[in-house]
Amino acid sequence: TGLWKRVVEVFAPARVVEFFATSDGQAVLANVSGAKVGSKGRPLPGSGEIALAAYDPEDDLILEDERGFVRRAEPNEVGVLLAHPRGPVDPTASVKRGVFAPADTWVSSEYLFRRDDDGDYWLVDSRGTLVHSPLGVVYASPVNDAISRLSAVDLAVTYGVDADGQHLAVTALALR
């Protein structure tokens, strides 16, 4: 978000268009309006169907509904981004069956997002890089986005470190 802000300021009237796509192209998001700095946007028209599976970050579990299927994440709730495949599926992909209905097929991106009340998607982290600190789960992307908005910061990277028997979130900065 900091780089986005600087590009718009330095190169006005330039606009930033942000995209997110899984490596297999099953899920594609685009923020073409630029109205929400840092948002990955909404599903690109013509791209596949996506959904957010409700997720418990403390126990690394996808949550079920009362019928035993995966519960869809509510607005502003963190969930795992799933894509309904539109053609051949990468054999190394994390394929899930019987997700929202019997015999349906979805591919897990393993990325965690939240969808705001307007339907825009915001990346919060990936399942494998969550930091489980003594104060709770730390999502790296929102921390990096917030810190990178400071004019003195060029780059911010947040990660977990073990120190004195605790797992802590640390943010490294490169200053401008």
Side-chain angles (χ1 to χ4, degrees), residues 1-8 11 13-57 60-65 69-130 137-149 155-159:
T1 58
L3 178 59
W4 181 324
K5 181 179 137 191
R6 288 195 307 272
V7 166
V8 170
F11 297 105
R15 291 182 19 156
V16 173
V17 177
E18 180 147 3
F19 289 86
F20 171 90
T22 54
S23 59
D24 61 4
Q26 298 288 358
V28 181
L29 300 170
N31 179 349
V32 294
S33 73
K36 294 181 180 179
V37 175
S39 165
K40 302 305 178 203
R42 298 176 183 195
L44 193 63
S47 66
E49 180 185 358
I50 64 170
L52 286 183
Y55 177 71
D56 175 358
D60 190 30
L61 293 174
I62 293 177
L63 303 175
E64 296 178 352
D65 63 17
F69 292 108
V70 170
R71 182 172 66 77
R72 290 181 187 262
E74 297 293 325
N76 294 305
E77 179 183 14
V78 172
V80 178
L81 183 69
L82 303 177
H84 188 57
R86 302 174 300 133
V89 175
D90 179 345
T92 64
S94 177
V95 176
K96 312 289 185 197
R97 302 197 191 283
V99 176
F100 299 114
D104 67 352
T105 302
W106 292 80
V107 177
S108 175
S109 71
E110 299 301 299
Y111 284 101
L112 302 175
F113 279 81
R114 70 175 180 80
R115 186 185 66 256
D116 67 20
D117 292 325
D118 298 326
D120 291 293
Y121 287 77
W122 300 79
L123 178 66
V124 295
D125 217 328
S126 89
R127 285 178 79 173
T129 59
L130 294 178
V137 173
V138 176
Y139 299 108
S141 289
V143 173
N144 296 337
D145 287 348
I147 292 174
S148 72
R149 285 179 171 254
L155 178 67
V157 179
T158 301
Y159 53 93

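Not measured: the values here are computed from a predicted model.
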| query | Does a side-chain heavy-atom distance below 4.5 Å link Lys36 with Trp122? | reply | yes

| request: Please identify each residue that fulfils side-chain contact (heavy atoms from CB on, under 4.5 Å) with Ser108, with sequence neighbours left out. | output: Val80, Leu82, Ser94, Lys96, Glu110

| said: How close do Gly98 and Phe69 get, counting heavy atoms only, and between which atoms? | reply: O-CD2, 3.4 Å

| said: With a 4.5 Å cut-off on side-chain heavy atoms, are Leu81 and Leu52 touching? | reply: yes

| request: Could you list the residues that satisfy side-chain contact (heavy atoms from CB on, under 4.5 Å) with Lys5, not counting sequence neighbours? | output: Glu9

| said: For a quick test of reading the model, state the closest non-hydrogen atom pair linking Val124 to Pro142 and the distance between them. | reply: O-CD, 3.4 Å

| query | Is there any salt bridge (Lys or Arg N to Asp or Glu O under 4.0 Å) pair reaching into residues 40-54, and which pairs are they, with sequence neighbours excluded? | reply | Glu18-Lys40, Arg42-Asp120

| Would you say His84's side chain and Ile50's backbone share a donor-acceptor pair under 3.5 angstrom? | no

| field | Main-chain N/O of Asp90 paired to Asp24 side chain as donor or acceptor, under 3.5 Å | value | no

| query | Does Tyr55 have any ring pair (Phe, Tyr, Trp, His ring centres under 6.0 Å) partners at least two apart in sequence or in another chain, and if so, which? | reply | none

| Are side-chain heavy atoms of Tyr159 and Thr129 found at a separation under 4.5 Å? | no

| remark: Tightest non-hydrogen contact, residues Gly79 and Ala73, listed as CA-CB, 4.3 Å

| said: Would you say that Trp4 contacts Ser148 through its side chain, given a criterion of any heavy-atom pair below 4.5 Å between the two side chains? | reply: no

| What is the minimum heavy-atom distance between Trp106 and Arg72, and which atoms define it? | CZ2-NH2, 4.4 Å

| Side chains of Asp60 and Asp56: closer than 4.5 Å at any heavy-atom pair? | no

| task | Using modelled atom types only, decide if a donor and an acceptor are shared between the side chain of Asp104 and the backbone of Arg97 within a distance under 3.5 Å. | result | no

| message | Are the side chains of Asp117 and Asn76 in contact, using a 4.5 Å heavy-atom criterion? | response | yes

| Does the Gln26 side chain pair with the main chain of Gly48, one donor and one acceptor, at a distance under 3.5 Å? | no

| said: Going by side chain to side chain contact (heavy atoms under 4.5 Å, CB included), Thr1 matches just one of Ile147, Val16, Val37. Which one? | reply: Val37

| Check: Val95 and Thr105 side chains under 4.5 Å, non-hydrogen atoms | yes

| Neighbour count above 12 (heavy atom, 6.0 Å) for Phe20 CZ | yes

| Test ring pair (Phe, Tyr, Trp, His ring centres under 6.0 Å) applied to Tyr139 - qualifying residues, sequence neighbours left out | none

| remark: One should read off an interatomic distance between Ser39 OG and Leu29 CG, to the nearest 0.5 angstrom, of 8.0 Å

| task | Quick one: pull up CG in Asn31 and CZ in Phe19 and give me the separation to the nearest 0.5 Å. | result | 9.0 Å

| Electrostatic pair Arg114-Glu74, nearest N-O below 4.0 angstrom | no

| note | Those residues at least two apart in sequence (or on a different chain) that pass ring pair (Phe, Tyr, Trp, His ring centres under 6.0 Å) with Tyr121 are none

| said: Checking the side chain of Asp125 only, and the main-chain atoms of Leu112 only, is there a donor and an acceptor separated by less than 3.5 Å? | reply: no

| Least distance between heavy atoms, Ala54 atom then Glu77 atom | CB-OE2, 3.9 Å

